[in-house]
There are 2 protein chains.
Amino acid sequence: MSTLGYALLSLLTRGPATGYELTRRMKRPIGHFWVANHSQIYPELARLTEAGHVEVHEEAGPGPRAKKTYTITGSGRRALAEWLPQPPAFTPRSEVALKAYAVGAADPARMAVLYEEVAADALAKAAVFERELGELEDDPGHPNFGNYAALRLGIESQRGLSAWASWLASRLRKYAGEHDGAD
Amino acid sequence: MSTLGYALLSLLTRGPATGYELTRRMKRPIGHFWVANHSQIYPELARLTEAGHVEVHEEAGPGPRAKKTYTITGSGRRALAEWLPQPPAFTPRSEVALKAYAVGAADPARMAVLYEEVAADALAKAAVFERELGELEDDPGHPNFGNYAALRLGIESQRGLSAWASWLASRLRKYAGEHDGAD
DNA sequence: GCCTCATATGTCAGAACTTACATAGTGGGC
DNA sequence: GCCCACTATGTAAGTTCTGACATATGAGGC
């Protein structure tokens, strides 16, 4: 099963949902660490159904097709519980870092602006997450503790990113000032 | 052009290289923020050549095919310089965060072990990066400043991840202790 | 009455990425 | 003498992901 499959099972541990609702849950609250469009979600739900990890309940929908509500099954819970303790795969792909690596190939003043924006955006995101965190419990027994834990990583990451981007922007600003105009 | 194309152009700003050498540079030093195998790199180099962003010099190679050394062109440098100041795309996909979100669906003692390992691995990575950082200059005028800047982000990220994973592990440990055995 | 938005589910083409297969010379260890 | 690792370049099959196309109802604003 793909990681998307496990992501959907994870979302379904919070209660049954339609593909449409799962697409929304994918954006919020887990959008800050996982993204997927509905064009990926619908086929994956069909696969999960075939594998017996979810159950479907069909009703008349608003459009030409039936509305399908998915519920996680015992098999789905077992698959999730086995996957979770395994070492997480990590495929690093950070455009922010890549642009930093190549920073010498562009105008330092423009790159300073870029990293000032990155710093501001990251700080704004951290503030939003902080507000969301206030509505959750720091208690592993609470059903939404996972939301709390994931959100804390988001805050940590955005703060770190902001601090780093500020540092880089100031370095570039200073350098651009010393070497401005024709060089 | 894909981000991989820009990544290759970035690597070529450090000097001409073969596809094989670029595959190695992709692993180190930029592997901690961008990954690509040779099976992706070779076709992309062909595309870059066709677009005029790189130039090829052919020699006899060890195998049945010619050894090709690539050099970035003026057009390639211009394309890179235009791409760099644009806001970086960010597609969040973190399995570590996803597993934290679903943490309640697995055994807390096992998940504590997982996050202890994540914390240890992240700290070890940070230490390796720190050693590499010592060989680089904190000077925007230095040709390898990009390596320095990107490495600092890596250290910041790994330290933040380690701190977070330690926090989560201790929460889960305590919870597992309070609710151990049959529950 | 018309327009837009939300609900709801799908397909399709193309891009990007992964894993494995394929070939061949040189140098070093045992 | 044999095996392995390194240099070196490609292809092929399959999976995953992105962005666009396609359809249809109900509710609310104007």
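In what follows, chains are A, B, ... by sequence order, proteins preceding strands, each numbered from 1.
- Base engagement by Ser39(A) is indicated by at least one non-hydrogen atom pair under 4.0 Å involving a base atom.
- Using a 4.0 Å heavy-atom criterion, one finds that Ala36(B) contacts no nucleic acid atom at all.
- Heavy atoms of other residues, nucleotides or ligands lying less than 6.0 angstrom from CD of Glu59(A) number more than 12.
- Dashed line: the shortest gap from a side-chain N or O of Arg65(B) to OP1 or OP2 of dA22(C) is not under 4.0 Å.
- When the nearest nucleotides of DNA chain D are assigned to His38(A) and Pro64(A) by heavy-atom distance, the more 5′-ward of the two goes with His38(A).
- Asp139(B) places a side-chain N or O within donor-acceptor distance of the main-chain N or O of Gly141(B), the cut-off being under 3.5 Å.
- Lys67(A) has its NZ atom 4 Å from the P atom of dA8(C), to the nearest Å.
- In this structure, the CD atom of Glu58(A) is 14 Å from the P atom of dA8(C), given to the nearest Å.
- Between Glu44(B) and Arg47(B) there is a salt bridge, with a side-chain nitrogen of the basic residue lying less than 4.0 Å from a carboxylate oxygen of the acidic one.
- For the pairing with Asn147(A), the side chain to side chain donor-acceptor pair (under 3.5 Å) check across Arg14(A), Glu132(A), Glu137(A) returns one residue only, Arg14(A).
- Atom NZ in Lys27(A) sits about 13 Å away from atom C1' in dA8(C), given to the nearest Å.
- Residue Tyr20(A) places no side-chain N or O under 4.0 Å from the OP1 or OP2 atom of dT9(C).
- Here the closest heavy-atom approach between residue Gly146(A) and residue Val103(B) is recorded as CA-CG1, 4.3 Å.
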In sequence, state the C-alpha distance, the side-chain angles, and the governing distance for Glu21(B) and Lys67(B), and then conclude on salt bridge (Lys or Arg N to Asp or Glu O under 4.0 Å).
CA-CA 11 Å; Glu21(B) 167 65 17; Lys67(B) 169 177 165 175; over 6 Å; no

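- Distance CD (Glu44(A)) to C1' (dT11(C)): 16 Å, rounded to an integer number of Å.
- Mapping Met1(A) and Tyr42(B) onto DNA chain D via the closest heavy atom, the residue that lands nearer the 5' end is Tyr42(B).
- The distance between atom CD of Gln40(A) and atom C1' of dT9(C), rounded to the nearest whole Å, is 16 Å.
- Rounded to a whole Å, the CD atom of Glu21(A) is 9 Å from the P atom of dT7(C).
- Mapping heavy-atom proximity under 4.0 Å, the span of DNA chain D touched by chain A runs 5' to 3' from dT16(D) to dT25(D).
- Asn37(A) has its CG atom 16 Å from the P atom of dT9(C), to the nearest Å.
- Note on Gly61(A): nothing from the nucleic acid sits closer than 4.0 angstrom, heavy atoms only.
- Ring pair Trp164(A)/Tyr115(A) is perpendicular by interplanar angle, where above 60° counts as perpendicular and below 30° as parallel.
- Taking atom NE2 of His57(A) as the reference point, atom P of dA8(C) lies 12 Å away to the nearest angstrom.
- With distances taken from any side-chain atom of Pro62(A) to the nucleotides dT11(C), dA8(C), dC21(C), the minimum falls on dA8(C).
- For Arg93(A), the listed nucleotide lying nearest its side chain is dC17(C); candidates were dG10(C), dC17(C), dT7(C).
- An OP1 or OP2 oxygen of dG10(C) is reached within less than 4.0 angstrom by a side-chain nitrogen or oxygen of Lys68(A).
- Thr49(A) approaches Tyr70(A) most closely through the heavy-atom pair OG1-CE2, 3.5 Å.
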